[in-house]
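Beneath this line is the structure, given in structure tokens, with notes to follow.
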Amino acid sequence: MRLKYILKFLIVFSCSVSFGQKKESAKIKSEASEKVFKYTNPVTRDTLLSMRDYMINKVGKKWYAVGTSAPVWTGPNPGIKLLVSDDLKNWKFHSYIIDASELAEDCPYNGRFWAPEIHFIQNKYWLTINSGKVTKKDPKGMSTHSIWLFSADKITGPYKLVNGPLTPQYNNDATLFEDDDGQVYLYCSGNGLFQAKINLQSGTLKTPIEKFLDKREPGYPEWMVGGIEGPYVIKREETYYMFFSSWTRGYEVGLLKSKNPLGPWELVSREPIFGTRKKGYRPELAVQGGYDHLQFQDTEDPYQETGHNALFEGPNGTLWSSAHYFMYHKRSYPYSQRFEEWETMPQLGIERVTYKDGMFYINGPTWTEQIFKMEEY
């Protein structure tokens, strides 16, 4: 009789173990089949890949990025680097689509190559670069710094010069936007924000370049007074939205809107919709610019810059923002006070972008692991 109960117990125990194993196996299988996108900013952590003003394009199953290479402030840089990634997280150098070492000595755009962008419009890739001619008298090429337009059949090039400079004055941070009717618009910065219609085929402006917003625009908030730059335009529900950046308090992104691609533009929010701010960020600029009196609280993130953004297609066709993320040299505990070499240079950061009721929202800036379930996209 006792043996009978023992055998019965062993059978029940065996069945329980077997059921538990099957349940655990099913759970593991379910988790494995559940597609998620995980990442941690900054997604690049490499001095060789370091750039400012990142812009990303998705072509096929790959993502490509361009930006401003170092040295940024002290003189000409080596050209325009193209990075490539299969998953948005692991990036590698692809090529120089503009290689300064191959340019002729008298090239009129052999300078600093700031904030390049690539736009796919009318079945071609259009590259805007912002540069000037470096001379002994002007080693940074700033007196002739303006916008140049190139085109290519593939995102990897080769790129051929279409025209330049496109404007008769100092302009920077050029971007392009194609409307539903095929008309293309040029937006740029340069002590304010500017706009014009452009003919891409000839690389000529169809309307005079016009300044439509000053950094000290009457009635506008003080977080813009240090400087505004980096426009990027997108259209939703018959409204045009322009993202732009300001470096007054760190690097913050603002949002304008208009019912017409040439304005008038107005702020969607009087507060930045994204960014970081730190009291200890470039205090000398605040003094020189006369805005060192501004009162604000530091954001809790470990960055001193998260800005000059552009939008791109991410996983499953979702909308994302790219920008450069730059660690704050006075970041507080619990962040390490010892900087890795990559932390001393700007790196690529990405964030999810959503739109609701006439407003765009950018997640972050984040610095811990982010997890997005594909079915939520």
Practice prompt. Would you verify whether the NZ or CZ of Arg52 falls within 45 degrees of the ring axis of Tyr251 while also being under 6.0 Å from that six-membered ring's centre?
Written response: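 Cation-pi check for Arg52 and Tyr251: passes.
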Worksheet item: Would you find a donor on one side and an acceptor on the other, under 3.5 Å apart, between the side chain of Asn130 and the backbone of Ala174?
Response: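 At least one qualifying donor-acceptor pair exists.
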Worksheet entry | Whether Gln195 side chain and Leu262 backbone form a donor-acceptor pair below 3.5 Å |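 Judged by distance alone, yes, a pair lies under 3.5 Å.
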Fill in: Closest heavy-atom pair and its distance - Ala310, Tyr232
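Taking Ala310 first and Tyr232 second, the nearest heavy atoms are CB-CD1, 3.8 Å.
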Practice prompt. Given ring-ring contact (aromatic ring centres under 6.0 Å, His included), test Tyr328 with Tyr303 step by step and report yes or no.
Written response: CA-CA 5 Å; Tyr328 184 40; Tyr303 308 117; over 10 Å; no
Worksheet item: Does the distance from a Lys or Arg side-chain N to an Asp or Glu carboxylate O, for Asp46 and Lys92, drop under 4.0 Å?
Response: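 No, no charged N to carboxylate O under 4.0 Å.
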Test item: [X] and [Y] side chains (from C-beta on) under 4.5 Å apart, heavy atoms:
| X | Y | result |
| --- | --- | --- |
| Thr366 | Tyr39 | yes |
| Leu49 | Lys81 | no |
| Thr68 | Asn77 | yes |

Item to complete: Report the residues that fulfil side chain to side chain donor-acceptor pair (under 3.5 Å) with Arg45, sequence neighbours left out, ordered by chain and then residue number.
Response: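 Once residues adjacent in sequence are excluded, Arg45 has no partner under the side chain to side chain donor-acceptor pair (under 3.5 Å) criterion.
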Other residues, nucleotides and ligands only: do more than 12 of their heavy atoms fall within 6.0 Å of [atom1] on [X]?
| X | atom1 | value |
| --- | --- | --- |
| Glu369 | CD | yes |
| Lys235 | NZ | yes |
| Asp298 | CG | yes |

Worksheet item: In Å, rounded to the nearest 0.5 Å, how long is the span from OH of Tyr109 to CD1 of Ile98?
Response: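 That separation rounds to 5.5 Å.
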Fill in: Pair Phe243 and Phe274, ring centroids less than 6.0 Å apart
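Aromatic pair excluded; centres sit 6.0 Å or further apart.
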